[in-house]
Enquirer: 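Please find one structure pasted underneath; my questions will follow.
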Amino acid sequence: MDENKLNTIYQEIAETVVETIPEEWSKVLIYGEILEDVQKGFFYYYPEGNDSPVYCHNIPEFFSIEKEDYRNLWRQLINNLEKLWYEFKNSDQKTWTSLTMIIQSDGEFNIDYDYEDLSDADDYERRIVWEHKYLGLWPEDEDDKEVLEQYLESNQDENE
């Protein structure tokens with residue numbers, strides 16, 4: 001696998017996200033899910049000096065940014081994630097099903113690749129679990145809390 005090409009794609013993903021964020025930030029967490037027929041992605045960022053993460057799809061309303069401009073950047077992010085997935089596939093590497101990329105404002109970053117079979121997984125439930133795992137968020141909705149508690153219970157052995 002071509003490390004230079006990978007680094008270029010990582011850079012493109014980071015640049016797209018940074019371009020989307022309209023304020024100073026300290027940390028960004030990007031979730032991407034790419035399969036042959038599925039492309040999903042979102043991110044949260046922490047504004048400089050703030051402990052509450054901002055969900056990417058709230059940016060247009062919080063900062064009165066044109067929805068179309070935001071949508072174009074978001075599509076660019078999905079395209080970059082897809083390009084990364086195809087780089088793995090075309091290099092005969094095992095293709096990941098989802099990834100989490102964490103970027104610090106000082107440029108440090110790391111990526112967690114996941115290879116879990118997502119064909120039967122529920123998107124909404126997966127996002128609740130991801131938000132808890134990476135952001136420490138607890139859902140406010142009772143049904144969502146139940147989903148997370150069931151997940152944590154069933155995965156308790158792995159987490160110990």
Side-chain angles (χ1 to χ4, degrees), residues 1-91 93-118 121-140 144 148 151:
M1 186 127 71
D2 184 345
E3 284 298 316
N4 288 335
K5 200 165 185 183
L6 276 184
N7 287 331
T8 300
I9 298 170
Y10 293 150
Q11 189 69 38
E12 289 170 358
I13 290 169
E15 285 172 5
T16 300
V17 169
V18 168
E19 191 180 335
T20 308
I21 300 172
E23 62 180 328
E24 293 298 312
W25 54 273
S26 58
K27 183 176 175 180
V28 176
L29 296 97
I30 304 164
Y31 176 81
E33 189 176 300
I34 307 291
L35 304 163
E36 291 284 354
D37 54 348
V38 176
Q39 297 84 32
K40 293 186 182 104
F42 60 82
F43 66 86
Y44 280 84
Y45 73 93
Y46 287 89
E48 191 66 55
N50 193 326
D51 291 339
S52 298
V54 175
Y55 179 52
C56 63
H57 292 329
N58 291 336
I59 290 174
E61 79 183 72
F62 288 176
F63 296 96
S64 63
I65 289 169
E66 288 294 321
K67 280 191 169 38
E68 190 58 32
D69 293 341
Y70 170 79
R71 229 186 333 266
N72 289 337
L73 285 165
W74 182 76
R75 271 193 218 103
Q76 195 176 322
L77 172 62
I78 299 298
N79 291 341
N80 290 335
L81 290 168
E82 199 171 11
K83 196 189 313 184
L84 181 62
W85 188 84
Y86 276 106
E87 184 59 31
F88 274 72
K89 183 178 170 82
N90 297 336
S91 301
Q93 298 288 317
K94 184 173 183 185
T95 51
W96 43 272
T97 52
S98 68
L99 68 78
T100 298
M101 187 173 182
I102 302 170
I103 307 170
Q104 307 288 342
S105 58
D106 64 7
E108 184 185 321
F109 81 97
N110 73 359
I111 299 181
D112 294 336
Y113 290 104
D114 199 332
Y115 300 89
E116 183 184 347
D117 177 7
L118 301 175
D122 177 292
D123 290 350
Y124 185 72
E125 291 179 3
R126 227 177 17 262
R127 185 164 143 204
I128 291 169
V129 170
W130 185 90
E131 288 172 347
H132 178 71
K133 179 177 178 182
Y134 287 97
L135 304 169
L137 299 178
W138 276 94
E140 291 178 18
D144 294 354
L148 180 56
Y151 170 82

Enquirer: Grab the two heavy atoms, one from Pro139 and one from Leu148, that are nearest each other, plus how far apart they are.
Expert: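 Minimum heavy-atom contact is CD-CD2, 3.7 Å.
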Enquirer: Hey, does Leu35 have a side-chain heavy atom less than 4.5 Å from the side chain of Thr97?
Expert: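 Of all side-chain heavy-atom pairs linking Leu35 with Thr97, at least one is under 4.5 Å.
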Enquirer: I need the Asp69 CG to Lys67 NZ distance, nearest 0.5 Å.
Expert: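 Between atom CG of Asp69 and atom NZ of Lys67 there are 11.5 Å.
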Enquirer: Are any non-hydrogen side-chain atoms of Gln76 and Glu15 less than 4.5 angstrom apart?
Expert: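 Side-chain contact under 4.5 Å: no.
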Enquirer: Could you tell me which residues satisfy side chain to side chain contact (heavy atoms under 4.5 Å, CB included) with Glu68, sequence neighbours excluded, listed by chain and number?
Expert: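 If we apply the side chain to side chain contact (heavy atoms under 4.5 Å, CB included) test to Glu68, skipping adjacent residues, the hits are Arg71, Asn72, Arg75.
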Enquirer: Roughly how far apart are Leu118 CG and Asp123 CG, rounded to 0.5 Å?
Expert: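 Interatomic distance, Leu118 CG to Asp123 CG, rounded to 0.5 Å: 8.5 Å.
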Enquirer: How many angstroms lie between CD in Glu116 and CD in Glu33, if you round to the nearest 0.5 Å?
Expert: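 CD of Glu33 is found 9.5 Å from CD of Glu116.
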Enquirer: Run the side-chain contact (heavy atoms from CB on, under 4.5 Å) test on Phe109 and Met101 for me, step by step, so that the C-alpha distance in whole Å, both residues' side-chain angles and the decisive distance to 0.1 Å come before the verdict.
Expert: CA-CA 7 Å; Phe109 81 97; Met101 187 173 182; 3.8 Å; yes
Enquirer: Say you draw a straight line from CD1 of Ile59 to CD of Glu61; how long is it, rounded to the nearest 0.5 Å?
Expert: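 Rounded to the nearest 0.5 Å, the CD1-CD separation comes to 10.5 Å.
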Enquirer: What pair of heavy atoms forms the shortest contact from Ala14 to Ile103, and how long is it?
Expert: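 In terms of heavy atoms, the two residues are closest at CB-CD1, 3.7 Å.
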Enquirer: Can you list the steps and then say if Asp114 with Trp96 is a side-chain contact (heavy atoms from CB on, under 4.5 Å)?
Expert: CA-CA 6 Å; Asp114 199 332; Trp96 43 272; over 6 Å; no
Enquirer: When you look at Leu29 and Tyr46, which way does the side-chain contact (heavy atoms from CB on, under 4.5 Å) test go after all the steps?
Expert: CA-CA 9 Å; Leu29 296 97; Tyr46 287 89; 3.7 Å; yes
Enquirer: Run the side-chain contact (heavy atoms from CB on, under 4.5 Å) check on Tyr10 and Ile111 step by step: do they pass?
Expert: CA-CA 10 Å; Tyr10 293 150; Ile111 299 181; 3.1 Å; yes
Enquirer: Pairs in or reaching into residues 4-14: which pass salt bridge (charged side-chain N to carboxylate O under 4.0 Å, His left out), with residues at least two apart or in two chains?
Expert: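 The answer is Lys5-Glu87, Glu12-Lys83.
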Enquirer: Side chain to side chain contact (heavy atoms under 4.5 Å, CB included) with Glu131: which residues, sequence neighbours excluded?
Expert: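 Once residues adjacent in sequence are excluded, the partners of Glu131 under the side chain to side chain contact (heavy atoms under 4.5 Å, CB included) criterion are Tyr44, Arg127, Leu135, Leu137.
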Enquirer: Out of Ile78, Asn79, Asn80, which one pairs with Thr16 under the side-chain contact (heavy atoms from CB on, under 4.5 Å) rule?
Expert: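 Testing each of Ile78, Asn79, Asn80 against Thr16, the sole residue satisfying side-chain contact (heavy atoms from CB on, under 4.5 Å) is Asn80.
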Enquirer: May I have all residue pairs that pass salt bridge (charged side-chain N to carboxylate O under 4.0 Å, His left out) and include part of residues 17-26, sequence neighbours excluded?
Expert: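 Qualifying pairs, neighbours excluded: none.
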Enquirer: With sequence neighbours left out, which residue pairs that include part of residues 94-113 fulfil the salt bridge (charged side-chain N to carboxylate O under 4.0 Å, His left out) condition?
Expert: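 Sorted pair list comes back empty.
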Enquirer: Taking only residues two or more places apart in sequence, or in another chain, which ones meet Trp74 in a ring-ring contact (aromatic ring centres under 6.0 Å, His included)?
Expert: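 His57.
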Enquirer: Does a side-chain heavy-atom distance below 4.5 Å link Phe43 with Leu77?
Expert: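 Of all side-chain heavy-atom pairs linking Leu77 with Phe43, at least one is under 4.5 Å.
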Enquirer: With rounding to the nearest 0.5 angstrom, report the OH to CG distance, Tyr70 to Asn58.
Expert: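 Rounded to the nearest 0.5 Å, the OH-CG separation comes out at 8.5 Å.
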Enquirer: For a quick test of reading the model, state the closest non-hydrogen atom pair linking Ser26 to Pro47 and the distance between them.
Expert: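 Taking every non-hydrogen atom into account, OG-O, 4.2 Å.
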Enquirer: I need the Ile34 CD1 to Thr95 OG1 distance, nearest 0.5 Å.
Expert: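 If I round to the nearest 0.5 Å, the distance is 11.0 Å.
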Enquirer: For residues Tyr31 and Tyr134, establish whether the separation of their ring centroids is below 6.0 Å.
Expert: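 No, they do not, as the ring centres are separated by 6.0 Å or more.
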Enquirer: Nearest heavy-atom pair of Glu48 and Trp25: which atoms, and what distance?
Expert: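 Closest approach of Glu48 to Trp25: OE1-O, 3.4 Å.
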Enquirer: Counting only heavy atoms from other residues, nucleotides and ligands, does the tally under 6.0 Å from NZ of Lys40 exceed 12?
Expert: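 More than 12 heavy atoms, drawn from other residues, nucleotides or ligands, come within 6.0 Å of this atom.
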